[in-house]
Amino acid sequence: MIGYVTLGTNHYEQAAAFYDALLAEIGASRIMEGEQFIAWGVSPTKPSLGIIKPFDGQPACVGNGSMVALVVDSPEKVKALYETALALGGSDEGGPGPRGTSGFYAAYFRDLDGNKLNAFCMQS
């Protein structure tokens, strides 16, 4: 149902480098690019994630309660994304581990602009 998600940035070049490195961990690369935006994905027909300079020219701001969840296929990839995000200057919002008893395994972090992300997988 979701085609793409964009996150506003006030630090375009730094955000681009952050997401180039972070999303490479899961095989994503730039699939669209313009003066105001960059989108990453694994395929043009799959959901993508982008950064954007706000169209109205106002500063980008973080949505309270907003989060982008990146699905991966193993706890090792959850941990790799989390560790890469922190190594790139992101901040911790909850380290890798199981959440509840349903098999949900996740890690939470923020990008350089303070946008909250999560990497998760379902374990059997």
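Taking the side chain as every heavy atom from C-beta outward, F18 and I51 never approach each other to under 4.5 Å. With contacts defined as side-chain heavy-atom distances shorter than 4.5 Å, the pair Y12/I52 does not qualify. Residues Y105 and V72 have side chains not in contact (no heavy-atom distance under 4.5 Å, counting atoms from C-beta outward). The side-chain heavy atoms of P75 and C121, taken from C-beta on, include a pair separated by under 4.5 Å. A heavy-atom distance below 4.5 Å is not found between the side chains of K116 and F109. Counting heavy atoms from C-beta outward, D20 and W40 have side chains that approach closer than 4.5 Å.
Minimum interatomic distance between A21 and L88 (heavy atoms only, all atoms of both residues): CB-CD1, 3.6 Å. Across every non-hydrogen atom of K79 and P96, the tightest pair is CA-CG, 4.0 Å. In terms of heavy-atom proximity, L70 sits nearest to L49 at CD2-CD2, 4.5 Å. Considering every non-hydrogen atom in both A60 and T9, the closest pair reads CB-N, 3.5 Å.
For K77, the salt bridge (Lys or Arg N to Asp or Glu O under 4.0 Å) criterion is met by D73, not counting sequence neighbours. In terms of the ring pair (Phe, Tyr, Trp, His ring centres under 6.0 Å) criterion, residue partners of F104 (sequence neighbours excluded) are, by chain and number, F120. Contacts of D56 classified as salt bridge (Lys or Arg N to Asp or Glu O under 4.0 Å), with partners at least two apart in sequence or in another chain: none.
Between the OG1 atom in T84 and the CD atom in E25 there is a gap of 3.5 Å [rounded to 0.5 Å]. Interatomic distance, L86 CG to E93 CD, rounded to the nearest 0.5 Å: 10.5 Å.
Shown here is M32, whose CE atom has no more than 12 heavy atoms of other residues, nucleotides or ligands within 6.0 Å.
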Going through the distances and angles, do S48 and I31 end up as a side-chain contact (heavy atoms from CB on, under 4.5 Å)?
-> CA-CA 9 Å; S48 61; I31 58 171; 3.9 Å; yes

Could you walk me through whether V68 and N118 pass side-chain contact (heavy atoms from CB on, under 4.5 Å), step by step?
-> CA-CA 6 Å; V68 174; N118 142 306; over 6 Å; no

Passes side-chain contact (heavy atoms from CB on, under 4.5 Å), F37 versus K53? Steps please.
-> CA-CA 6 Å; F37 75 95; K53 296 177 187 177; over 6 Å; no

Would you please test Q36 and F55 for side-chain contact (heavy atoms from CB on, under 4.5 Å) and show each step?
-> CA-CA 8 Å; Q36 299 275 115; F55 180 75; 5.6 Å; no

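Cluster membership for M122 and I2, using ILVMFWY side-chain heavy atoms within less than 4.5 angstrom, is not shared. Linking Ile, Leu, Val, Met, Phe, Trp and Tyr residues whenever their side-chain heavy atoms come within less than 4.5 Å leaves Y108 and V5 in two separate clusters.
Counting only distance, with no hydrogens or angles, the side chain of N10 and the backbone of D113 share no donor-acceptor pair below 3.5 Å. Under a 3.5 Å cut-off, the side chain of R110 and the backbone N or O of L117 do not form any donor-acceptor pair. The closest donor-acceptor contact from the side chain of Y19 to the backbone of D111 lies at 3.5 Å or more, if one exists at all.
Ion pairing between a basic and an acidic side chain is recognised when a charged N comes within 4.0 Å of a carboxylate O; R30 and E33 show such pairing.
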